[in-house]
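Below is one structure, written out as structure tokens; comments come after it.
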Amino acid sequence: MKTILVKDLINHLEEEIRLEGWVKNIRFSGKLIFIIFRDGSGEAQCVVFKPDIDEEKFAIAKTLTLESSIILRGIPRKHEKIENIYEVQVKDFELVQLAINYPIAKKDHGADFLLEHRHLWLRSSKQNAILKIRHTCYFAICEYLNDNGFYRFDSPILTPNACEGSTTLFEVPYFDEGTAYLSQSGQLYLEAGIMSLGRVYDFGPVFRAEKSKTRKHLTEFWMMDAEAAYVEHEENMQIQEGLIRHVIQSVLKKNLKELEILERDIEMLKNADVPFKRMTHREAVDYLRSKGSQIGYQDDFGAVDESLLVEGLKEPLFIEKWPKEIKAFYMKRDKDNPNLVLGADLLAPEGFGEIIGGSQREDDYEILLERMKENKIEISSLEWYLDLRKYGSVPHSGFGIGLERLVAWMSGTAHIRETIPFPRMIYRIYP
Ligand code: 4AD
Ligand code: MG
């Protein structure tokens with residue numbers, strides 16, 4: 001007999017099949033037991049009718065509890081009344097393990113309780129749906145990059161220096177070498193990678209020790225950094241737009257069921273799959289000030305500013321050409337205005353915030369050295385990075401996507417802690 005997945009029931013109607021999974025819900029009604037069965041791929045109603053199975057088995061079935069693990073044998077049928085719903089008529093079953101007093105009940109639990117039980121909370125329909133959307137986003141990103149000439153290039157997590165500024169580094173004692181730091185972004189290493197491979201990307205966990213307690217910050221999150229040789233600012237934005245639109249299309253193609261479980265308004269996603277809007281930092285500040293904000297021309301945007309900037313927009317918005325003082329040392333200066341750098345942040349619509357940070361990189365040795373000194377960066381640990389400007393330097397650009405922010409936007413999840421299996425935040429390291 002074939003063991004199949006719930007999602008494939010439709011291809012096995014009226015055949016005897018075997019399912020392996022868990023009891024998601026159970027209801028008893030005389031000679032009938034209704035089990036909502038789940039196996040990771042989906043959920044199905046399985047009906048145990050007393051005359052259909054062993055008396056002893058029926059007695060065991062009556063003891064089944066939420067989240068008990070079971071193996072079923074039965075026949076899938078179309079639901080008599082509801083379209084596209086399949087029911088399995090159970091012929092036999094095996095109890096794998098009886099779960100006693102599963103802690104997550106039907107009633108609403110507070111966020112703290114759920115986070116404390118994240119290892120179990122992951123099984124809920126909504127969390128399952130978010131994780132499937134994360135899976136789609138992850139592979140859609142890789143697919144787009146693979147199809148556009150980027151090679152996977154894994155950057156290290158233990159590093160001798162900061163990438164995004166030294167105030168938000170986690171320190172790790174490192175033998176006789178002193179202190180190592182957990183990587184904030186693999187970007188600097190990718191810049192070495194392109195000189196060998198042309199276009200590269202990495203995808204992995206990165207770490208930020210900033211004490212942000214917002215819905216958009218984790219201390220450990222997943223970043224995809226991409227970097228490309230002979231690509232300048234304009235083309236860098238085009239690549240990002242193509243990539244994000246590919247992700248939207250993939251989620252709409254593969255996750256309609258999950259989006260429905262999450263009650264995500266899919267029109268919002270469809271509407272975002274159009275050419276992105278653009279504004280310079282200066283235009284953005286002008287706009288915010290016209291709306292009554294006190295923001296200055298050398299200021300970075302906060303969450304409130306970001307939301308205001310995308311208010312009424314259907315599509316993502318690039319904010320480009322930033323004052324050099326508020327951006328990282330490696331960004332290339334704008335030749336038309338040396339006070340600005342050729343960086344762009346991509347803001348998601350609907351207030352999901354900055355999902356990409358990217359820029360053209362400074363490729364001139366002298367200017368980069370000067371920028372590093374201005375930023376009080378320890379030159380000795382970045383000699384290798386300066387070398388890249390000595391031996392065959394080329395114009396190049398890249399960007400980094402925060403996977404959890406992207407997933408939050410796609411799935412319509414307000415807090416990014418639900419978009420990663422085990423969130424790490426200032427006040428949470430368990431489970
Ligand atoms: O803007 P960031 O800091 O850019 C960089 O790290 C560049 N080195 C990337 C590059 O050019 N290769 O981070 C990139 C993205 C942000 O736009 C945001 O989506 C996400 O990473 N991000 C965070 N996500 C969750 N929690 C945090 N604390 C985050 N900080 C940044
Ligand atoms: Mg940023």
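Order of listing sets the numbers, starting from 1, for every ligand and every atom in it. All values derive from a computational prediction rather than experimental measurement.
Residue, atom and distance of the protein heavy atom nearest to atom 16 (C) of ligand 1 are E354 OE2, 3.2 Å. Protein heavy atom nearest atom 13 (O) of ligand 1, with residue, atom name and distance: R208 NH2, 3.7 Å. In this structure, atom 26 (N) of ligand 1 lies nearest to the protein heavy atom L218 N, 3.0 Å. Nearest protein heavy-atom neighbour of atom 12 (N) of ligand 1: D225 OD1, 2.7 Å.
The environment of R215 atom CZ is sparse: at most 12 non-hydrogen atoms of other residues, nucleotides or ligands sit within 6.0 angstrom. Enclosure of atom CD in E260 is not indicated, since only 12 or fewer non-hydrogen atoms of other residues, nucleotides or ligands lie within 6.0 angstrom.
Numbered from 1 in the order shown, with element, the atoms of ligand 1 that lie under 4.0 Å from a heavy atom of M223 read 6 (O), 13 (O), 14 (C), 15 (C), 21 (O). Below 4.0 Å from some heavy atom of Y330 lie the following atoms of ligand 1, by number and element: 7 (C), 8 (N). Listed by number with element, the atoms of ligand 1 under 4.0 angstrom from any heavy atom of E210 are 28 (N). The atoms of ligand 1 that sit less than 4.0 Å from any heavy atom of K216 are 25 (C), 26 (N). Below 4.0 Å from some heavy atom of G357 lie the following atoms of ligand 1, by number and element: 1 (O), 9 (C), 10 (C), 11 (O), 17 (O). Near S185, meaning under 4.0 Å from any of its heavy atoms, are these atoms of ligand 1: 6 (O), 7 (C), 8 (N), 9 (C).
Around atom 23 (C) of ligand 1, the closest heavy atom drawn from Y201, F221, W409, F207 belongs to F221. The option from I356, I355, L190 that lies nearest to atom 19 (O) of ligand 1, judged by heavy atoms, is I355. Nearest to atom 11 (O) of ligand 1 by heavy-atom distance, out of H217, R361, Q184, is R361.
Under a 4.0 angstrom heavy-atom cut-off, I416 registers as being in contact with ligand 1.
In terms of heavy atoms, P205 sits closest to I157 at CG-CD1, 3.9 Å.
Residues satisfying the side chain to side chain donor-acceptor pair (under 3.5 Å) criterion with Q45, sequence neighbours excluded, are E87.
Within the model, atoms CD of Q184 and CZ of F207 stand 11.0 Å from one another, a figure rounded to the nearest 0.5 Å.
S411 has its side chain out of reach of E258: every pair of non-hydrogen atoms, C-beta onward, lies at least 4.5 Å apart. Taking 4.5 Å as the limit, some side-chain heavy atom of N161 sits within range of a side-chain heavy atom of W384. Side-chain contact check for L262 versus K126: some heavy-atom pair is nearer than 4.5 Å.
With a 4.0 Å cut-off on non-hydrogen atoms, E404 does not touch ligand 1 at all. Here E164 has side-chain heavy atoms under 4.0 Å from ligand 1, and that is the only part of it that gets that close. If you look at E227 next to ligand 1, there are no close heavy atoms at all, none under 4.0 Å.
The six-membered or imidazole ring of F422 lies away from that of H119, with a centre-to-centre distance of 6.0 Å or more.
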Which donor-acceptor pairs under 3.5 Å do side chains of residues 2-11 form with protein atoms, sequence neighbours excluded?
residue	atom	partner	partner atom	Å
T3	OG1	R18	NH1	2.9

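Because the distance cut-off is set at 2.8 Å, E354 qualifies as a neighbour of the Mg ion (ligand 2) through one of its N, O or S atoms.
R282 forms a cation-pi arrangement with Y297, by the criterion of a distance under 6.0 Å to the ring centre and an angle within 45° of the ring axis.
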